[in-house]
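Below is one structure, written out as structure tokens; comments come after it.
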Amino acid sequence: MNQPTEIFSMKKYQHSKIESKWQKIWQAKKFFAAKDFSKKPKKYVLVEFPYPSGEGLHMGHLRPYVAADVYTRYFRMRGNEVIFPMGWDAFGLPAENYAIKQGVHPSIATKKNISNAKRQMQSWGLSFDWSREVNTTDPNYYKWTQWIFLQFYKAGLAYEATGLINWCPKDKTGLANEEVIDGKCERCGSTVEKKELRQWYLKITAYAEKLLEGLKHLPKWPEPVKLQQENWIGKSVGAEIDFILDQPKVKRFVILHARGGYPDGYFYPWLKRELESRGYEVQAPAMPDPEAPNDDEQAEFVSKNFVLDESTVLLGHSFGNVVALRLLERGHKVNRVILVGAPFYGKFLDNKTRPTVTAAVQKGFDFKTIKKNSNSFTLLYDTHDYVISVADGEAFSKALGFPLIKLRAQKPHFMEKVEPDVLSVALGATKVFTTRVDTLPGATFIVIAPEHALIESYKSQIINYKEVAKYVKEAKDKTDIQRTAKEKEKTGVELKGIKAINPVNDQRLPIWVADYALMGFGTGALFGDAHDERDQAFAKKYNIPLKVTLKPADGSDDSKVRSFEEVFTGDGILYNSGEFDGLGSEEARKVITKWLVDKNAGKATVTYKLRDWVFSRQRYWGEPIPIIHCSDCGIVPVPEKDLPVKLPKVKNYQPTGTGESPLAGIDKWVNVKCPNCGGEAKRETNTMPQWAGSSWYWLRYTDPNNKKGFASISKQKYWTPVDVYFGGMEHTTLHLLYSRFWNLFLYDQKLVTAREPYTMRKPHGIILGTDGEKMSKSRGNVVNPDSIVKSYGADTLRMYELFLGPHEATVSWNEYGHIGVRRFLDRVWGWGNEVESKKLKVESESENVQRALHRLTKKITEDIENFRFNTSVSAFMEFHNEVKDEPVSVLSLKIFLTVLYPFAPHVAEELNSIIGNKTSLQLEPWPKFNPEMIVEDTVEIVVQINGKVKGKINLPTGSSQLVAQSQILKLDSVKQTLSDQSIKRIVFVKDKLINLVI
RNA sequence: GCCGGGGUGGCGAAACUGGCAGACGCAUCAGCUUUAGGAGCUGACGCCCGCAAGGGCAUGCAGGUUCAAUUCCUGUCCCCGGCACCA
């Protein structure tokens, strides 16, 4: 090939021509269409589908696509039925923002972007099965996204709630916890604020344990990925402790029984006993006409015969609450009112009539007077009550301005003889979570989060309430960044007037509100002690006494610990801990937890860092949440037959910024008839987050045109789970966690056949610009894959991308690097044409070529299976360097092209057709290698003296130590070094080395 | 601070379960070829000493185990990613 005449006589390597030629042939022959229920073993290769943006696809997309493509083409040749689908994750802010700016409807912009991205993918020679293409913005697709949402709703895992959520001021929408990175919006980088909003949530926390457990059954996932998910879920095992409030202002409880009740019924006698044993005076009047009560008559009776003053707590059960409120209306001032299952509407869940109760409540309440005569109300409702609905509680909560406590009573409507939650509320028990129960005897203060309900509930007893309220307001106004700033000193305010009682030693502990306690974790309250750095720092700042109760178990000097020079946070031996002295920390945790359980003062429990998924967005370009709000029926899911709820086509979809979705302004769309009662109703106007569509897309690929379901069970059974999932590390605690959650849920609903969606996860490293910085338009270091395809070809782009480094490593693009790969392909092109022109038979080929070919096949086979594509590229080059000057047969060239095909499919196909083969390489079986052909006849053995290389000798493969020894002693270099010294030892490694120790 | 991952020529990187450190490629230099070269071919290319033969030093740094360490162990520094007052 050094002869110029030969070079000029052959065809030039025209990449553009041959690439489009083969891309057309592949498409026309439908090589890449995966067949359902094929007899071949299936393989599901998945790569994250892109968001089609106006800028097109970039290098970051290319990396997993090319790797997955090589992998896919290889397994097709190995005889697998491979599904390698692609689609579009096309809902989201960029299209919407672009639309607002340009006045182009997002659906039009999206369409355009998709066709461009598809063109790019095809120009890269990616072998996707386009017959299975999905698009999350297609109503036929999002119909099922909405349908799945309704399954969550029906299972009680989708709920509406009002609370402080993360709010991005630039994108004007709420965000999930996972979308906040370092206190900033994952998408636009704005500092996230907090906003009180009504939102839809998905109860991912209900799946915390399953998500954690599932990780254990994913051996083919990288450990770092699993660990990152595990840390995000953040399981803490510990205990919840009830700290009872010391309320010096409260002297007396008055228990007002229910209709049909008597002082010796239900939980009353037990509660009376418990309260009295704690030193309170208890009055439990036996009311007149208990079966057909009259509220005014009963109030009159209590008012006349019992003591009601500002040291009294009124505790009503059911009808008793009406009486309690009437007493306030009559002007009795009390300390606090506890309403247990209070009736508001006079309608009952069991549809029975209770005329006396209904008549009493229908008179209405004078809330103004009521609120004036008690500073604090506690509302306690049972979630499985069959008489009074929680809606009654909500009505009271709204009217009185106090939070509603919903819980599951021992018996519906609190009718058990022992109802511990009623006692807890009466005593003001505050639950505190800890992972270190062993330090409980050393607790010297309590810290609660600014959002903690205790503050409002005990307003009347907090002497410095104004100061506290000021602190709370300031804390709530801060962003998370301000609140958790690294150097920030801890701040807090003591709640004067109340104390908490440590159950293990009856000590009265001061209660502080401080923003280092987080409402979202545990119970929003903690106890402070000397064996925690944060607690100690806080205590020192505010001069709160500390008590050391642990000493190091290893017997090391503990005087530093005692003088607070050091914070000892490890496990140790208890002292200063009363009856628990001498126990080791681990033992103490068990013993104290059991002690708490026995005393009804706490229990072992588990909490997670994971928060429920804020699932609504106040933006236009997303799936509408298929819910209707009816003033009579409340929340009504859109009936299945009415799905999909289509996005209305409108001109204006600017975000409002008020927390309302732009859809809220479209009256024609919003106002609907209630599917339940036919009355006036309104659609839910929030849309779903970007992550919704991608939470189940791999399932749709298995059955993309199904009209009856999101994917048939039989097709899922054939294709799922995904065998290899290529994608980015950045999705570990977003898409990857969310989609596992959806899958686990659907699996529990028996709608999905694979418990875990992805058997193997293959993350890739990012590609940096030539300057080693992240590629970005503002830095001007973006390398455009299209321009490389244009001037060097897709095969060059593919191979160089793989050559950059290991798939999982971060690599930077070298400005000239791809030229080396192009040179290689040019040489292969010339060499291939030359081999063709000589038409040599295998017999005239040297054994060396054969051996090299077998070695190459082995190397490429193993590299692909182990995702080591970078060394494959080297191996092709080495092979070519080795055989280029030797006679090579056409048959050997074909084998070379066959193994090259997954990497550089266009060149390989074209050369293969030049040498006269009519069938595509895609239909060739993957070549086998003969292990015997890989072993050479002779091997080079390294000769070392004291571990230093002194020379090399060639010996027949498998030579013994004796042979080697006799050979090396003849070497000059060895003789010289040895001179007269004696050999102490000889280390011999067969076919590798011989080392003389002297 | 905690949890991961990683430090090898001028650059991207190889090196199987401890066995020739730097394969392969980029850049650079020299030569050949060419009217010309930002093309092609051939060769050199870790650092230091040396004309050379040869020798010494080298896988972030300091130790250790071993006949032999990029690989195993201990300590330490730096870079990247994640979490971050999580009780």
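Every chain is numbered from 1, with letters handed out A, B, ... down the list of sequences. What you see is a predicted model, and the numbers here were worked out from it, not measured in a lab.
Distance from the side chain of Val949(A) is smallest for C20(B) among the nucleotides A14(B), C20(B), C85(B). Proximity note for Phe433(A) (side chain, C-beta onward) versus A87(B), A14(B), G19(B): the nearest is A87(B). When distances run from any side-chain atom of Asn995(A) to the nucleotides A68(B), A84(B), A87(B), the shortest one goes to A68(B). Side-chain proximity of Leu526(A) to the nucleotides A87(B), G19(B), C24(B) is greatest for A87(B). With distances taken from any side-chain atom of Asp515(A) to the nucleotides C16(B), C85(B), A87(B), the minimum falls on C85(B). Of all nucleotides listed (C83(B), A87(B), A14(B)), A14(B) comes nearest to the side chain of Asn870(A). Comparing atom distances between the Val987(A) side chain and each of C41(B), C85(B), C67(B) picks out C67(B) as nearest. In this structure, the nucleotide among C83(B), C20(B), A13(B) sitting nearest to the side chain of Val942(A) is C20(B).
Rounded to whole angstrom, the span from the CD atom of Glu730(A) across to the C1' atom of G82(B) amounts to 12 Å. When the P atom of C41(B) is taken as reference, atom CD of Glu834(A) falls 13 Å away, rounded to whole Å. Remark: P of A21(B) and NZ of Lys948(A) are 11 Å apart, rounded to the nearest angstrom. Rounded to a whole Å, the CZ atom of Phe521(A) is 7 Å from the C1' atom of A87(B). Rounded to an integer number of Å, the gap from His764(A) NE2 to G5(B) C1' is 16 Å. Taking atom CH2 of residue Trp813(A) and atom P of nucleotide A27(B), one finds them 14 Å apart after rounding to whole Å. Computed from coordinates, the Phe824(A) CZ to C26(B) C1' distance equals 16 Å when rounded to whole Å. One can place CD1 of Ile860(A) at 15 Å from P of C24(B), the figure rounded to the nearest angstrom.
The gap from the C1' atom of C16(B) to that of G7(B) amounts to 22 Å, rounded to the nearest Å. Between A69(B) and G56(B), the distance separating the two P atoms is 15 Å to the nearest Å. Atom name P, nucleotides A21(B) and A68(B): the rounded distance is 14 Å, in whole Å. Separation of the C1' atoms belonging to U28(B) and G9(B) is 13 Å when rounded to the nearest angstrom. Nucleotides C80(B) and G64(B) place their C1' atoms 29 Å apart, quoted to the nearest Å. Look at the P atom in both A23(B) and G46(B): the space between them is 8 Å, to the nearest Å. Comparing the P positions of C57(B) and C3(B) gives an interatomic distance of 38 Å, to the nearest angstrom. Between the P atoms of G19(B) and A44(B), the separation comes to 27 Å (whole Å).
The local environment of NZ in Lys220(A) is sparse, with at most 12 non-hydrogen atoms from other residues, nucleotides or ligands closer than 6.0 Å. Counting heavy atoms of neighbouring residues, nucleotides and ligands inside a 6.0 Å radius, atom NZ of Lys541(A) exceeds 12 of them. A 6.0 Å sphere centred on NZ of Lys859(A) holds more than 12 heavy atoms belonging to other residues, nucleotides or ligands.
Dashed line: the shortest gap from a side-chain N or O of Arg823(A) to OP1 or OP2 of C26(B) is under 4.0 Å. Residue Lys884(A) places at least one side-chain N or O under 4.0 Å from the OP1 or OP2 atom of U42(B). Note on Arg868(A): a side-chain N or O is less than 4.0 Å away from OP1 or OP2 of A15(B). Applying the 4.0 Å criterion to OP1 and OP2 of A23(B), one finds that Asn881(A) has every side-chain N and O outside that range. Not one side-chain nitrogen or oxygen of Arg436(A) sits closer than 4.0 Å to the OP1 or OP2 atom of A87(B). Contact annotation: Ser236(A) reaches the phosphate of A87(B) (side-chain N/O to OP1 or OP2, under 4.0 Å).
U65(B) is unpaired under the criterion used here, namely a Watson-Crick or G-U wobble arrangement in which both key atom distances are under 3.5 Å. With both pairing distances under 3.5 Å, C29(B) is matched to G43(B) as a Watson-Crick or G-U wobble pair.
Here the shortest heavy-atom pairing between Val899(A) and Ile860(A) reads O-CG2, 4.1 Å.
Using a 4.0 Å heavy-atom distance criterion, Lys952(A) is classed as a base contact. Gly183(A) comes within 4.0 angstrom of nothing in the nucleic acid, heavy atoms only. Residue contacts for Tyr816(A): at a heavy-atom cut-off of 4.0 Å it reaches the sugar-phosphate backbone alone, with no base atom in range. Residue Glu940(A) is in base contact, counting any heavy-atom pair closer than 4.0 Å across all strands shown. Base contact: Leu993(A) has a heavy atom under 4.0 Å from a base atom. Within 4.0 Å of Ala809(A), counting heavy atoms only, lies no atom of the nucleic acid at all. Using a 4.0 Å heavy-atom criterion, one finds that Gln944(A) contacts the bases of the nucleic acid, with or without backbone contacts as well. Within 4.0 Å of Leu518(A), counting heavy atoms only, lies at least one base atom of the nucleic acid.
Two rings, from Phe824(A) and Trp831(A), have their centers 6.0 Å or more apart. Between Tyr516(A) and Phe538(A), the gap from one ring centroid to the other is short of 6.0 Å.
At least one test fails for Lys431(A) against the ring of Phe243(A): distance under 6.0 Å to the centre or angle within 45° of the axis.
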Step by step, work out the ring-ring contact (aromatic ring centres under 6.0 Å, His included) result for Phe903(A) and Phe876(A).
CA-CA 10 Å; Phe903(A) 296 80; Phe876(A) 286 122; 5.2 Å; yes
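Remark: the Ser874(A) side chain and the A23(B) base include a donor-acceptor N/O pair separated by less than 3.5 Å.
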